[in-house]
Structure formats: C-alpha cells, structure tokens
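Chain letters run A, B, ... following the sequence lines, proteins first and then strands; every chain starts at 1. These numbers come from a predicted model, not from an experiment.
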Amino acid sequence: MLTHLPILQVILPLMAAPSCLVLRRAGLVWLFAFAASLSALAVSALLLQQVLANGPISYALGGWQAPWGIEYRIDLLNAWVLLIVSGLSSAVLAAAHTSIASELDGGRQTLFYTLYLLCFAGLLGIVATGDVFNVFVFLEISSLSTYALIALGRDRRALWAAFQYLIMGTIGATFILIGIGFLYMMTGTLNMEDLAARLPTLGNSAAVLAAFAFIFVGICLKLALFPLHQWLPNAYSYAPSIVTAFLAATATKVALYLLLRFTVTVFGVEFSLARLPLESLLIGLGLVGVFVASTVAIYQVDIKRMFAYSSVAQVGYMVVGVGIGTAAALQATLLHLFNHALMKGGLFLALAGLVYRTGACRIEHFRGLGTAMPWTMAAIVVGGISLIGMPLTVGFVSKWYLIAAALDRDLWWLAVLVVLGSLLAVAYIWRLVEAGYFREATGSAVAARGEAPVGLLLPTWLLIGANLYFGIDTRLPVAVTAAASQFLLGGGP
Amino acid sequence: MSGSTLLQLALLIPPLALAGIQLTGRWENLREAVSLVAATGLFAVVVSLYQPVLDGGAIASHWLELLPGLAIAFRIEPLGLLFALVASFLWIVTTLYAIGYMRGHGERNQTRFFSLFALSIGAVMGIAFAENLFTLFVFYEILTLCTYPLVTHAGTDKARRGGRVYLGVLLGTSVGFFLLAIIGTWLLAGTLDFKSGGIFAPGTDPALLSLLLVLFVFGVGKAAIMPFHRWLPAAMVAPTPVSALLHAVAVVKAGVFVVLKVCLLIFGLDMLKTIPATGWLLYLAGASILFASIVALRQQNLKKRLAYSTVSQLGYITLGALLATGAGMTGSALHIVMHAFGKITLFFCAGAILVAAHKTEIWELRGIGRQMPITMGAFLVASLCIIGIPPTGGTWSKWYLMLGTFEAQQWLLMGLLMVSSLLSIAYLLPIPLRAFLGGERPLEDGAGEAVAIGEAPLPSVIALSITAAGCVYLLLFPDTFYRLIAAGI
Amino acid sequence: MPLASLYNYWIVIGLMMIGLYMVIAQGNLIKKIIGLNIFQTSVFIFYISVGKVEGGSAPILDGGEHLYSNPLPHVLILTAIVVGIATTSLALALAIRIKRSYGSVEERDIRAQECPRPGEGGPEC
C-alpha cells in the first residue's frame, strides 16, 4: 500500500471525478468529493513524512521502469507542493457546499464537483510526475477543467473570461509542448532525471535554448507572471467564488513549481541562472509585476479583482526569489508558496461569504461590514495583515527570508524595493478596513445582511487561523523548505 | 511572586482586560470598572518590579522562538522599567479621564475604544520589556495597528484622512526602514539581543553602521523626527484621551525609547561616537527641534500646537541619545518622564476645555481661566514643565541635556537648545497667561454661553490635577527615576 | 544540409505563424478557434517529423532486424491530438454560450457591451 502512494495521490481524485456523475444529489456529491480530497491530503501527508524519513521516492507506473515507462518521483519539493495543493483543496471544498449551492443551480452542482476533482487531479499529477510529457497531459487536464469551472460563473462575463483564458492557456500549453519536443529531439528522453543528466553534455545547443525559451514562456503564461497576467484578473473576478479561492490557492502555486522544476532541476541552475540572463529577467519582471499589479489593485472597485491583481503581485515576489537563486532565496520562495496559498485561500473564502450574503463584493458592500459581518470582516483584516507581511503572520516569515536572502547577496536596492512593494499592499488592504469599520452602510448594500453561514465561516477561519499559527510556530514549513531548497541546489531530482 | 511571574503578569493583564471589556461591553459602569481595575493592577505589578530590577536581578521570560534565532522574549532592564512605570501610571489617570471625557462628549463605539486602549498599553509593555529588536519590532507594529482605529475613531472624512496619514507614515517608515535596519543588523552582528555596550564587533565597517543608524532613526517613525513627523499632527483628530495617552506618552515615547535603546544597547555609546552619521543626525534632530517650535508658534488650533510642541520635545530626546554621553542619555531618559507628565496634562486640559466650553482654537481661550481655574492652573504648571523651569520636574531633564551638549562640546547645539526653550516659552506660556489675565472676549460672541462654562466633569478634573501635581512632585523627588537611569546607563 | 531537405520544418514554422496570427488578429471567435487549431496542428507535424527516420518503416517487430521510425513521438502526439480536440470542443461550446448571451461572436461587439459601464473593470475595459 505505502509503495503505491505516489500514484494513489493522483488516481484517487481522478477516479472520484467521474463517480460524482453517478451520485447526482448535490449534498452527497459534495461529501464524496470532500472525502476524496481529504484522502488525497492524507496521502500527501504520508508522502511528505516518507520523503522526510527516507529520501526521494521513485515509482514506476504500471511496473515499467524509468527510461521506457513513466516515472513518478516524489522528492521534498513536490511532496511539499502536493501537501499545499491537497490541503488547500480540502479546506476550500469544505466551504464549497454552502457557497456553490447559492451560486449554481442543482444540476450544475454535480458537474462542478466533477470538474473540481478533475482539476485537482490534474494539478496533483503535474506535481507528482517525473516525466515531462506527462506534465503536459496533466497540465491540459487541469486547464481544460479550469476553463469550464470559470465558465460556471453567474455573470455572462465569466464566459468571455473563460474563453480568453482558454486561448492564452492553450497557447501557453502548446509552447510547453514544443519545448518538450525539442528536449526529446536533443536527448531522446522524457524523464526529468535523465534530462538533467544529459542536457549539460549538449553545451550551448540552439535547440536546447529554444526548448528552454518555449517552456519558460509557456510556464510564465500559466503562472500569470507580469506581463503575461492579463487573463488572471478576469478569470478570478467572474468565476464562482469557490473556484477563485481554489485557483488562487493552488493553480499559480503549481505553475511556480513547474518553473522551479524546469529551471532548477531539468535545465539546472548552472544553465538557467548562470549562463542565461534569467536572473535579471526574473528579478526585473517580478519587481515590475509587484509594483504595477499592486498599484492597479489599489484602484479596483471589485474586491475579487483587487485580490486577483494582488495575486499577480505576490507571484512577483516568488519569482524574485527564484531569480536571486541562492538556497536562502529559494527557501523564501517555497515559504511564500505555502504562505500565499494560506492567505489567498482564506481571503477568497471570506469574500465567498460576503458574496453569499450580498451577491457581489464591490467596495461599497464593505461599508459597515465590521458590524454586519464581524467575523468575515475580521478574517479579511487578518488575512490582509498577513498579505502585508506584519509580524506574527505567515506573510512576515516569507518576507523576512526574502529580504534576508537579498541582503545576503548585497542586493540592498532589491531589499528596499521589496519592502516598498509591501507598502502598496497596505494601501489596498486599508481601503477595506476603512470601509468596513469607519463607514456606514448605505443604499442597496445594506440589504440581506448577517454573518456568513457557519459552513463558510469555519473553513475561512481554519485558513486564517493557519495564517496566524504558521506565523508563530514556523518549525514545519521552515524545516521542510530549508531541506527542500538545499536539496534542489544540491543535485538532481 | 517571582520576578518572571510578575513580568508575565504585566504582559498578560492588558489582553485580559481586553477580554473583560469585551464581555462587559453592555454594562458601561462594569466595563469602566474593569478598565480601572486592570490599569491599577498593571501599575501595581510594574511597581513591584522596581526594587528587584534596581537590585540587578535578571528578570526574563522566553515565550517562543519564531524562526531560528528570532525569539519573542522579554528581559527587564532599568530603562524599560522606567518607560513601563510612566506608561502604566498614566494609563490609570487617563482611564479615569477618558471615562469622564467619553461620556461627557457622548462618543460612540466606546467598548471598541476601551478595548483597543487596553491592547495599546499591552503593546507598550511588550516594547518596554523586549529582550531583542525583533520582539520590540513585533510590539511596535502591534501598537501602530491598535492605535489606528483609535485615531480614526470618529469615522468622519477628516478622521479617515488623518488615519491614513498616521498609518502611512508609521507603517511606511517601520516597514521601509526599521525592518531593513533590523535585518541588516541581524546579518551584520548575528544577533538581535540588546546588550549593554552594543552588539557590533569592534572594527565593523563604519559606513555600514552609519547606514544602519540612519535607517534606525528614520525607521522609528514614532520618534517623529522631521521629515517623518506628519503623522503626529494628523493624529490629533482622535478623541482627546487618545491624544493624551498615546500621542503624548505611549506611542511617541515608544518611538524615542526605541531610539534610546538602539543607541545604548545596539550600538553602545562608545561606538556611537565614532559613527560618522551620528553628527549629521544630531543636527537633523536639532533642526527638527527648531522647526517644530517655529511651526508650533504659528498654530492656532490648541491640539495642533501641542502636537508640534511634542515633535519639538521628541527632538530633544533623540538629540540627547545621539550625543552619546552619560549626561545626554540621562537627560533623554529623564525627559521621557518629564515630558510625559507635562504633555499629558496639557492634553487633558485641552480636552477639558473642549468638553466644558467646546473650544478648540487658542484665540477663543482669552479669559477662560476665570471659568476654569483648576484646568488653566494645571495648564500653566504643565507648560512650565515642558519649558523646563522650576517649580517643575522638567528642570532636571533640560539641565542634563544641556550638560550633555557641554560634555560633547557641541556648542552650537547648546545654543540651539536655549533658543528653542525661548521658543517654547513663546508658544506655551501666553495661553494660560491670557486665559487668566486676558479680557472678557469670550462674552462677545454669546453672553449666555460664557456664563454656562464651568469646570469639566469631575473625573477629568481629578485626572489633570493628579498629573499636574506629578510635574511638581518630580522636581522634588526625581530620585525614583534617576536611580533607574543610572542603573541603566 | 540544404535548407530544402528540412522543408517539413519550414511548413511547421509557417503554419505556426499563420495560426498565431489568426488567434491574435481575428476578432471573430470561431476564426480564433480555427487559428488555434492550425497552431496546434503545426506542433503535431513537428512531433511527427521528429520521429521519422529516413528510410525507416513502421515500427512492427517481426523478429527481423530492420530500420524503423521512432514510434514514441507519434504515440505522444496522439495524446496531444486528443487534448487538442477537447480544447476545440470546449472552445466551441463556450463560443455558443457567448453567442447566446451576447448575441454575437465578434470580439468588438462583446467589448462594446461590456465597456459602457466604466469603473466596473469589465474585461478589456
């Protein structure tokens, strides 16, 4: 049983997805999907524990050994990301029943859970596999289901957002496919470990450079790295609230994992950071992303959209960490991966609570929210403070590591820019605080007030509580990410 | 009770008070009783720590380790105790005053007000007793966040604008400079623990140390060194008790206290003297004193004038710390106490005038001394304390500051302190003098109204009398604090 | 190696550019989808070309030693073709829904319907 964990991780949700269609009744389907997600969480926890104890796990799919068959390879990096994805998915699913029931009609709810589990399985597959073509397949599984999930949104603009994302996403995925083709052409293998071993022997081959370029751009599209982020704000704003929470907490994280996997493991730091000007490119794009997206966020009226831009900004921080390229900086990125998932998961769930009560979440709906929905508003404030990076929240931990990593390499200007970027976050978070506590509710926004239902509030506070808990007791994430970043720079996958 | 239990208690009483206030929010009297009991309890605990600390006992408490090497930990040292003593004593008085003020003024959201008030004092205790820079930073930020809702309390456009400036400057400087300075210190020295004599190894690059010192002095926005002083006048939109306790005592004193502590325990006096930036920062502090005094002269709003006076007086404390001499440090530390008593009295008076006479502008106060003799008498005493002339405690701190400039042979700064003292006479003394000696002008704009003016509600009057008496008491018995300072330096 | 002998790669590049250009330049959603298809097809041809071995036969092992084309890229691209079909059908389904709710599949018309409300931050506004 334990030896089959890597495949169980992916196959559980993948098999559960079509089974949802059989169950039909919304409540039942939810329970089933939730159970599937929880078991995936259990599997990923077991995996992480195994990897921590015994080192990387290699699993040959169907008994076919590595060069011929598909290998699933779990090391600290993907065990960590698997845990994040399945943990956040479970928390979001816990809230899904209440929120989805109010946003979708009965028949579509079953479809929602099917798509959700498919997307979930796709994301887990991308992370678990050690085969680059398999990455593409799972990427498309998750992407296709994501397009459909976004299109479920009530607003007709959701359709348009989904269509735009489909075009962008497909171009991105096809770019990755081209890159994989080049890699195969040059090395004759699709296995990441073999690729890592063979690529350095090829020297400065133009085909390898082309492969890298295609894969890099493709991943950045998925990652919504500035300036390839245009699809994200629309997709996040018009998708059903639960979908937004799920995507914000997991999808960009998986894309960032891919970026790390390809730049650091497959191509190697030597190639991607030392030989190519990727360091300045990543740091530059990351910083510009932080500043532009945060500034745009300040002027948003729709708060879902505001947090969507904030996500683009936060991706910038993570990419800066990859760009700095030292073990400490990678650790900062891995920490922020986890921390940002907790923040955005909690924040978007809190917004789901607001949408549940008012039907929308524009800035005017926040007026007087401090008295009307004290718990939801408090969750948003705590999540926002974490996003800013105040001490005792997770945001502080990753910011500390990132700044320390920058100063460690004597990049004072970078450290200054990073802290300035977080001040912009103060500006957009504080608009909400002002509206929530120091303005009276007016007009239509007053209607149908009351605290969010417990079904939404509990998962929200679970995630917000995790923001505080892991901001104070940092042992687990710090230990795992420290080991993972050492491991990443120390050698092959 | 052992020292560390008392220390825990000092840190836990405010959060407990918060819980109590929230629970009893519905019953006003009970809620206020909880506030008062907590305040008195806290003061008692801090006082009981006095003797053990003076005897040199190590009182510490290690809470938790956040990141490797970064812990939330507390250790009492004499200067911290000095700060805690002042803050906790004035909390009692201010609570008393606030009860009268908030009811008299019919403010809303009083439960929120008192809750956050308690939390703020908790943050101050954390700052006072922090063992390392990291703990200090955590509580420094908590203090900013807890006091923000107090500044914006009224919820008007003006209050929100003030709140934005307040938060923008304080968070901006602390995240932009202070945090950077802390991380820089960590990387350079390998530790953040306060240590007598400083933590940097001899021979550390003076240029880097200069950079760090500049980052520290600007980063501690609460010390209100120009040009990062704008938040303080902006915060004057807050209810008066908030201005009194937080913006005369807790918040600004937290700022200068941090500067003092960084100078003394991170850099160390000997190293501070050798850092090139110290000289420049001294003149910056001097300029801040002078300019703020001049601006204060031109303010017609009473609270605004007091705010700029605070900016100016905070400059004295920073300047004293940067002089890097024993007398300068002593003067700074003493001025934390003296200015606290003086300025809180002034704010109490301003609030009392607002509640009783609904006046906020200085020109409206002519002749008001006849209706409100106690209030304006207290105002006079407190003004003298700020200026630094007998019969008030301010004499001592100004004396030591002068001595400090003498020791450091900074003749220009010495002259500057004298000029600024003259300026402070000019912007403070006319107010009480005109109030007592001025004509009957208030009667002109409404004869009936002037007759109705009397003293403010009793709790407020009691409070401001206590602190005014404190100003005089400190002239006669500064020894309590002086011994702590001597032990600290 | 003369450039002409790489003609299949030139075709790949040509198709790829045509496809991308259509996706970007065409305002009609259906034409965008067709462009996307051409773009994907170019990649399929690329994979098939990579696997082809000059003079090789189909990879059927009958005991004898003979030259055969690499089957792996061909198998891979089967998967990619399936993915492509799924993408196209989903895109078409979305286009139908868009037509129903906006009454048009022209990008210009859709934007015209969303933009009159400034400050809402609709797509592309």
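Neither the backbone nor the side chain of A:Val418 comes within contact range of chain B, judged by heavy atoms closer than 4.5 Å. At a 4.5 Å heavy-atom cutoff, A:Ile388 makes no contact with chain B through either its backbone or its side chain. In this structure, chain B has a heavy atom under 4.5 Å from the side chain of A:Leu423, while its backbone stays farther away. Within the 4.5 angstrom heavy-atom criterion, only side-chain atoms of A:Val426, from C-beta onward, approach chain B. Residue contact with chain A, scored on non-hydrogen atoms closer than 4.5 Å, is absent for B:Phe177. Only the side chain of B:Leu208 comes within contact range of chain A, with heavy atoms under 4.5 Å apart. For a residue to count as touching a neighbouring chain, one of its non-hydrogen atoms must lie under 4.5 Å from one of that chain's; by this rule A:Ser422 touches chain B with the side chain only.
Each of B:Ile182, B:Leu187, B:Ile183 was scored for a side chain to side chain contact (heavy atoms under 4.5 Å, CB included) with A:Ile403, with one residue passing: B:Ile183. A:Met390 pairs in a side chain to side chain contact (heavy atoms under 4.5 Å, CB included) with only one of the listed residues (B:Leu171, B:Val138, B:Thr144), which is B:Leu171.
Within the structure, ring-ring contact (aromatic ring centres under 6.0 Å, His included) pairs that include any residue of residues 412-431 of chain A comprise A:Trp430-B:Tyr148 (at least two apart or interchain).
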In sequence, state the C-alpha distance, the side-chain angles, and the governing distance for B:Trp63 and A:Ile472, and then conclude on side chain to side chain contact (heavy atoms under 4.5 Å, CB included). CA-CA 11 Å; B:Trp63 273 17; A:Ile472 293 168; over 6 Å; no
For B:Ile72 and A:Leu392, run side chain to side chain contact (heavy atoms under 4.5 Å, CB included): C-alpha distance rounded to whole Å, both residues' side-chain angles, the deciding distance at 0.1 Å, then the answer. CA-CA 10 Å; B:Ile72 301 277; A:Leu392 302 186; 4.2 Å; yes
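A:Tyr437 has its side chain out of reach of B:Thr152: every pair of non-hydrogen atoms, C-beta onward, lies at least 4.5 Å apart. At least one side-chain heavy atom of A:Phe396 sits less than 4.5 Å from a side-chain heavy atom of B:Leu179.
Here the straight-line distance linking atom CG of A:Leu407 with atom OG1 of B:Thr185 works out to 10.5 Å at 0.5 Å rounding. We find the CZ-CZ distance between A:Arg431 and B:Arg160 to be 13.0 Å, quoted to the nearest 0.5 Å.
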